[in-house]
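These notes concern the structure reproduced below.
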Amino acid sequence: MKYVIEHMEEGFSEWVILEYSQIIREVGKENLILTSLPPSTTEKDIPSRLSDLGLQWTTKECVDIDGGNIEKSKICLLDPAAEVDLVPEDNNSFDYFVFGGILGSHPRIDRTGILRRKYGLAGRRLGSLQMTTDTAIRTTQKIVKDQVKFENIEFLDYPEIRYNKYEATEMPFRYIVGEDGTPILPEGMLELIKHDAEQSIDDLLIE
């Protein structure tokens, strides 16, 4: 299984770096590729943390990777607007699972619609709630690789991420629950959430 992220953002935020790093660790560098980076992108524009993990990337669109020899019927677009849910049996139909850069944005932006309208790719849905990109790929992997039905995956919706005894932040996404009963986050994400919260408080105090 290959996981493709149409990277439609300008540059790489710290949040994105942590998510992509976690995805590479979980699915393997050979199974993840970023597509649709700006035409002017060079290796210097890729964060070293991602390069060191072996990130694959291209300025081409998802349908043009592997020399453009991919059969469109083998590409599955994870699409919130799809009418059909992703099921374990889909592993027999698709080789590439494409995420249009819309998962993890709040409020949701229908960037996937660009790919849907342009190429008519087959769409599958991962429930009705927004997920971060790493959660969406983790969920897809559980379904198509581990053969776990969506309804049998334990999720936590809009969790309160507590980073000390007195402070917490509610995250507007759906997460998979880990073995310890807490939402699975990328390594370093808890520290980033805490830093962002403290920065916001500082901004309020300055004002």
Side-chain angles (χ1 to χ4, degrees), residues 1 3-9 13-27 32 76-91 94 97-113 115-116 122-201:
M1 304 293 175
Y3 302 95
V4 180
I5 299 174
E6 285 270 299
H7 182 82
M8 300 180 181
E9 305 293 340
S13 67
E14 182 65 18
W15 181 288
V16 165
I17 292 172
L18 293 180
E19 285 196 345
Y20 288 0
S21 297
Q22 188 66 34
I23 294 167
I24 294 171
R25 286 191 288 266
E26 292 186 13
V27 307
L32 176 70
C76 176
L77 179 64
L78 278 301
D79 185 355
E83 298 179 356
V84 180
D85 290 328
L86 187 69
V87 295
E89 292 76 18
D90 282 325
N91 72 336
F94 303 111
F97 294 87
V98 177
F99 303 80
I102 54 85
L103 296 162
S105 67
H106 183 76
R108 187 171 73 195
I109 302 172
D110 187 22
R111 292 175 179 165
T112 307
L115 299 174
R116 185 195 318 122
R124 294 292 187 272
R125 198 175 69 134
L126 293 174
S128 59
L129 297 181
Q130 276 289 283
M131 300 176 180
T132 58
T133 306
D134 64 296
T135 300
I137 291 182
R138 189 174 298 115
T139 300
T140 299
Q141 188 176 43
K142 278 185 172 291
I143 294 172
V144 297
K145 181 181 179 183
D146 300 336
Q147 295 289 286
V148 179
K149 293 182 179 180
F150 179 84
E151 57 266 29
N152 292 333
I153 300 174
E154 185 179 0
F155 292 104
L156 185 59
D157 302 334
Y158 311 137
E160 183 180 73
I161 305 297
R162 183 164 294 280
Y163 40 85
N164 64 41
K165 185 177 180 180
Y166 303 104
E167 298 174 291
T169 298
E170 182 179 275
M171 305 300 291
F173 305 112
R174 165 174 282 176
Y175 293 87
I176 290 179
V177 176
E179 294 180 357
D180 61 355
T182 63
I184 299 177
L185 301 174
E187 292 180 17
M189 185 61 73
L190 187 62
E191 290 76 14
L192 178 61
I193 293 171
K194 178 181 178 180
H195 175 269
D196 287 350
E198 290 176 343
Q199 196 69 41
S200 296
I201 292 172

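Nothing fancy with the numbering, it's 1 onward along the sequence. Here the structure is a predicted model, which means the values were calculated and not measured.
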Interatomic spacing from [atom1] in [X] to [atom2] in [Y] - rounded to 0.5 Å:
X	Y	atom1	atom2	result
Asp79	Leu126	CG	CG	10.0 Å
Leu32	Glu26	CG	CD	11.0 Å
Leu18	Ile23	CG	CD1	11.0 Å
Thr182	Ile184	OG1	CD1	8.0 Å
Ser21	Asp134	OG	CG	10.5 Å
Glu19	Ile24	CD	CD1	12.0 Å

ask   = Any idea how Phe155 and Phe150 line up, ring-wise: parallel (<30°), tilted (30 to 60°), or perpendicular (>60°)?
value = tilted
I need the minimum non-hydrogen distance between [X] and [Y], along with the two atoms involved.
X	Y	result
Gly127	Arg174	CA-NH1, 4.5 Å
Tyr175	Pro183	CB-CB, 3.6 Å
Arg125	Pro80	CD-O, 3.6 Å

State, yes or no, whether a side-chain contact exists between [X] and [Y] at a heavy-atom distance under 4.5 Å.
X	Y	value
Met189	Thr132	no
Tyr3	Thr140	yes
Met1	Gln141	no
Ile143	Ile153	yes
Asn152	Lys142	no
Val144	Phe94	no
Leu86	Thr139	no

message = Could you check whether atom CD of Glu83 has more than 12 heavy atoms from other residues, nucleotides or ligands sitting under 6.0 Å from it?
response =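 No - once you tally the heavy atoms of other residues, nucleotides and ligands closer than 6.0 Å, there are 12 at most.
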message = When you compare the side chains of Gln22 and Arg25, does any donor N or O come within less than 3.5 Å of an acceptor on the partner?
response =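 Present: a donor and an acceptor within the cut-off.
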query = With sequence neighbours excluded, what pairs up with Thr169 under the side-chain contact (heavy atoms from CB on, under 4.5 Å) test?
reply =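 Thr169 satisfies side-chain contact (heavy atoms from CB on, under 4.5 Å) with Tyr163, Met171, Ile193, Ala197 once adjacent residues are dropped.
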task = Just jot down the side-chain contact (heavy atoms from CB on, under 4.5 Å) partners of Glu191, sequence neighbours excluded, or say none.
result =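 Partners of Glu191 by the side-chain contact (heavy atoms from CB on, under 4.5 Å) criterion come out as none, since no residue qualifies.
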